[in-house]
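Just so we're on the same page: letters track the sequence lines, and every chain starts at 1. Atoms considered below: every heavy atom in the structure, side chains included; atoms not considered: hydrogens, waters and symmetry mates.
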Amino acid sequence: MSDLIKFKIDGVECMAESGKYIVEAAADNGIFIPTLCNMKGVKPKGACRICTVRINGRLMTSCTTPVTDGMEIESHSEDIQELRKSIVELLFVSGNHFCPACEKSGNCELQALGYLYQMMVPRFPYEFPLKPVDAKSAKIIKDQNRCIFCKRCIKTIKDEEGRSYFAFRNRGHKLEVVLDEEMGNKIDDATAQLAMENCPVGSILVKEKGFTVPIGKRKYDKAPIGSEIKL
Amino acid sequence: MKNTVNQIVEKYGSDPTRLMDILIDIQESAGYISKEAIGLLSQLLHMSQVDIEQTITFYHFFSSKPQGKYAVYLNNSPVAYMFGREAIKETLEKETGIKFGEVTADGLIGLYDTACIGMNDQEPAAIINNKIFTRLTPYRIREIVKHMREGKDMDELRNESYGDGKNNLPSLRSMVSSNIRRKGMILSDDYNSGTVTREILPKISPEAVIAEIKHSHMRGRGGAGFPTGLKWEFCRRAKGDKHYVICNADEGEPGTFKDRVILTEKPELVFEGMALAGYAIGGDEGILYLRYEYRYMKNYLYGVLQQMRDNGLLGKSISGIEGFDFDIRIQFGAGAYVCGEESALLESLEGKRGEPRDKPPFPVEKGYLGQPSIINNVETFATAVRIIQNGGEWFTQFGTDDSTGTKILSISGDCMFPGVYEVNWGFNVEDMLDMVGAYEVQAVQVGGPSGTLIGPAEFHRTLGYSDLSTGGSMIIFGKQRNLLKDVVVNFMEFFIDESCGSCSTCRNMTQVMNNKLKKILSGKGVEADLIDLKTWSKTLNASRCGLGQTAANPIVSSLKNFPHLYNELIQKDKEFDEGFDMEKSVQAACTFVGRVPNFNHH
Amino acid sequence: MSKPVIATTSLAGCFGCHMSLLDIDERILKLIELVEFNKSPVDDIKTFTKAVDIGLIEGGCCNSENVEVLKSFRKNCKILVSVGECAIMGGLPALRNGIPIEECLHEAYVGGPTVQLNKDGIMPNDDELPMLLDRVYPCHEIVKIDYYLPGCPPSADLIWEAVVALVTGDPMKLPYEVVKFD
Ligand SMILES: Cc1cc2nc3c(=O)[nH]c(=O)nc-3n(C[C@H](O)[C@H](O)[C@H](O)COP(=O)(O)O)c2cc1C
Ligand code: SF4
Ligand code: SF4
């Protein structure tokens with residue numbers, strides 16, 4: 001068994017196994033730190049920056065930073081919550097997130113964070129970028145309008161040889177996540193389904209599926225994201 | 001085609017971590033990387049096509065379409081504009097009959113924009129087929145285009161070489177000038193290559209080398225200023241199968257060109273510094289990560305490395321020291337500023353997109369191929385040699401208490417004598433301006449776009465890690481310049497283009513802020529916009545690497561030091577204006593349906 | 001003391017938000033006790049006849065008339081509220097944003113699959129018609145908006161809670177379930 005260490009989040013005494021990432025260690029102690037790009041069991045890449053906390057005066061992502069003994073973490077202070085909210089708003093304005101017309105609505109993690117922070121309107125101007133929808137694959141629709149570049153699909157959806165179905169294209173503001181044409185045509189149902197499920201938003205859809213759960217019964221209709229963690 | 005790709009892949013041992021080399025070779029042999037080549041690579045390297053494409057599309061100098069037999073990359077940094085880039089661009093477009101971003105119908109000439117190519121002291125400058133052309137004038141462009149039409153080769157194209165110094169070596173034929181204006185311990189000619197390796201290393205232990213570097217209090221010259229001795233010590237202590245010494249010659253910060261000059265004039269010193277570091281950390285291999293813009297130095301530097309091997313300064317049992325085996329290879333980048341960030345550099349070295357890594361772990365623990373690695377700037381390695389030669393104590397007499405030694409500055413812009421100046425740390429800006437002959441100065445960009453823009457009220461400040469910290473880029477703007485329009489917007493667009501895109505903050509906030517700046521410049525700004533710019537910039541602090549963390553600096557520092565420039569632009573009589581313009585926004589639809597806009601009677 | 005005055009309008013919206021307002025069921029009786037309606041489709045008053053306290057805006061701006069109506073609301077109302085996704089971010093009409101207006105018009109009147117009887121390719125260009133904007137604008141990109149009620153449509157509970165709070169000056173109580181974007 002690994003050593004148990006003590007650390008603090010917003011002054012609250014916590015305990016965890018040494019070396020655990022802060023988000024997970026926090027969850028073990030009933031403290032929810034919001035994430036978007038993170039997935040349990042998958043090597044993290046602090047991409048969305050939502051889980052940012054302050055340690056020793058420095059901003060760090062809690063999905064990539066292991067807890068150490070005696071660490072003092074600031075997570076729910078006003079300015080950090082404001083930072084997280086502003087990142088959520090930034091993601092809303094920089095894509096085209098038409099929630100009323102989205103298959104993922106109600107089960108979308110980005111939207112759920114919008115609810116968590118009671119985002120009534122983003123503070124930034126909407127960009128309305130023109131982005132393509134790729135429906136070439138027989139099984140999958142890749143809608144660039146909704147992608148938040150969390151990289152989950154790139155990291156988790158691979159074939160038997162370990163080759164990835166999805167990858168980035170371009171960089172910076174022109175970034176896209178694209179589906180390999182050849183592999184996308186051969187993708188099996190289970191992998192396609194997994195790709196859709198792993199996507200936190202509605203950017204990967206399995207064709208002819210969607211709107212299966214009625215409004216009111218969806219994941220984030222009644223209780224905020226993270227409710228399952230709070231003690 | 002198939003054979004070429006096969007051969008290239010074989011040359012690099014079918015190793016996906018050498019993808020950068022493979023792609024560079026394909027790009028150079030075919031002029032582009034075709035869909036077919038990507039298909040072949042995908043089979044040979046067992047990667048999906050999109051996986052290979054994600055590396056290709058990350059780098060500016062890889063292209064998926066033929067680039068033209070002559071590919072002209074014209075620098076677009078502010079200093080290029082100050083010295084006539086507009087006229088060069090117009091002449092190029094007129095003479096070739098195409099616009100930038102296009103290739104002539106016969107496939108002969110392609111025109112492209114590119115970010116600072118490290119020639120700020122001799123702008124306007126361009127790269128044509130990996131060769132540098134500086135101090136361009138419309139006349140010279142007409143000449144070059146004529147020669148290209150005549151099918152002349154690159155050496156003929158450069159028949160009128162304006163270079164100086166070592167640039168005139170046959171191996172380095174180039175129009176580039178070194179413009180050394182002031183020499184100190186690095187640029188002086190009083191060091192005989194190999195002295196430290198031959199005379200000192202056999203006498204002292206690796207630990208003693210590190211102790212001496214620590215004693216000198218030297219901090220990294222690449223900008224971040226981490227204590228060099230400490231970095232080497234961490235790396236030496238870290239466990240791994242191999243240890244690597246990596247020299248960061250990405251030199252992408254607009255306005256910096258001193259690494260180019262050091263590598264041109266004192267390459268032996270840099271390589272000796274790398275070997276010295278290898279000795280200190282127990283390193284197995286050295287890699288010089290050189291920006292693709294400096295591809296013209298390739299043969300020259302390979303020649304220098306060979307000579308050092310011949311002289312026993314690299315290779316096995318160097319200076320007869322058992323186990324001191326060290327050699328250096330050169331890895332080229334392919335056009336990405338962010339690859340100067342040390343962990344992005346590592347990703348690029350491994351053949352991937354240059355996306356910075358999350359830290360911890362730091363490169364000294366897990367660096368190149370997961371092994372302990374040190375990454376230092378070109379100047380840092382060169383300086384280390386002089387420290388070991390003369391002792392850490394000697395070194396501390398130069399500079400100030402917290403910034404010991406000398407610093408090589410790349411000075412450009414509105415001044416009489418642009419070039420490199422090696423000065424002691426602690427130099428103040430006023431003296432610097434007098435040194436280079438800069439009069440009627442409106443502003444100085446210290447440390448490049450990621451640094452700060454300061455005005456005369458700050459010229460008393462000194463260069464050093466505790467005051468004005470800088471990797472050496474100093475761009476001077478005279479009174480006649482429009483700082484916001486010509487400098488700040490240019491720098492913001494630089495960051496937008498160069499962000500790797502991984503962080504939500506850096507990928508988007510740069511664009512949001514630049515849009516707001518442009519709104520202000522269009523005369524639609526209000527007081528609230530200035531407040532927004534200040535508050536919104538804070539979100540960028542949560543970015544993973546220095547690029548995102550400093551990407552708002554052009555706006556933030558100009559807002560702080562030149563508030564009047566903004567105040568002159570905003571509308572005083574309005575509290576709200578989101579920039580909506582009815583006349584403009586109905587224009588397109590009215591024209592298309594064939595009616596005259598009418599704003600009176602609805 | 002006279003009752004607070006409310007005005008409402010539907011710009012580039014579908015009247016869904018107005019429907020949702022009517023969905024407050026029996027509370028509508030309380031509402032008319034609390035407030036008086038001025039310019040609004042609810043009572044069919046076409047022009048402002050007095051100073052208004054609260055303006056509720058449904059829909060974003062897709063044409064010049066929307067802009068003018070919105071500006072007149074700003075002029076005549078103390079408080080303006082963007083009600084629903086269309087007012088807040090353009091909503092479904094804004095799906096056209098980013099696509100050149102020429103392409104949109106061509107699709108709608110000439111090339112689209114549902115166009116049948118327009119052989120001459122005539123475009124609506126009468127001088128009396130509102131002029132189409134290059135894109136659909138959220139209301140707050142044209143005038144200052146004071147409050148936002150998201151949803152497509154916003155739930156009747158959200159509208160009720162917000163209006164009552166604005167009228168009475170009490171703080172808004174917005175339980176988790178009422179703030180939704182769809
Ligand atoms: C966006 C970005 C670009 C950078 N570019 C360079 C560069 O071109 N050269 C360099 O030496 N350091 C660069 N750095 C700093 C490196 O990350 C690193 O700190 C440096 O190479 C360490 O060497 P030093 O300690 O010798 O300065 C850059 C940092 C960032 C964030
Ligand atoms: S498609 Fe979905 S899973 Fe993939 S990067 Fe985009 S948002 Fe993330
Ligand atoms: S800050 Fe910008 S450049 Fe750096 S990792 Fe994040 S997105 Fe990439």
Close side-chain approach of B:T57 to A:R171, heavy-atom, < 4.5 Å: no

B:K35 with A:E181: basic N within carboxylate O range, under 4.0 Å: no

Criterion side chain to side chain contact (heavy atoms under 4.5 Å, CB included) on A:L179 and B:V50, from CA distance to verdict: CA-CA 7 Å; A:L179 172 63; B:V50 283; over 6 Å; no

Crowding at CD, A:Q81 (>12 non-hydrogen neighbours, <6.0 Å): yes

Residue B:C503 versus chain A: region with a heavy atom under 4.5 Å: both

Spatial distance of atom CG (A:N170) from atom CZ (B:R353) [nearest 0.5 Å]: 8.0 Å

Heavy atoms from other residues, nucleotides or ligands near NZ of B:K366 exceed 12 (cutoff 6.0 Å): no

Whether over 12 other heavy atoms sit under 6.0 Å from A:K6 NZ: no

Side chain / backbone / both / neither for A:E182 at chain B, heavy atoms under 4.5 Å: side chain

Reported CZ-to-OG1 distance for the pair A:F124 and B:T539, which is rounded to 0.5 angstrom: 5.0 Å

Shortest non-hydrogen contact from B:K538 toward A:L83: O-CD1, 4.5 Å

Per-residue contact mode, A:K45 against chain B (heavy atom under 4.5 angstrom): both

Contact origin within A:R58 toward chain B - heavy atom pairs under 4.5 Å: neither

Stepwise side chain to side chain contact (heavy atoms under 4.5 Å, CB included) test for A:S94 and B:Q511: CA-CA 9 Å; A:S94 57; B:Q511 182 81 23; over 6 Å; no

Under 4.5 Å from any heavy atom of chain B - which part of A:I80: neither

Greater than 12 external heavy atoms within 6.0 Å of B:K352's NZ: yes

Inter-residue atom distance A:I87.CD1 - B:M509.CE, 0.5 Å rounding: 8.5 Å

Side chain / backbone / both / neither for A:E127 at chain B, heavy atoms under 4.5 Å: side chain

Proximal component of A:T52, with respect to chain B [non-hydrogen, under 4.5 Å]: side chain

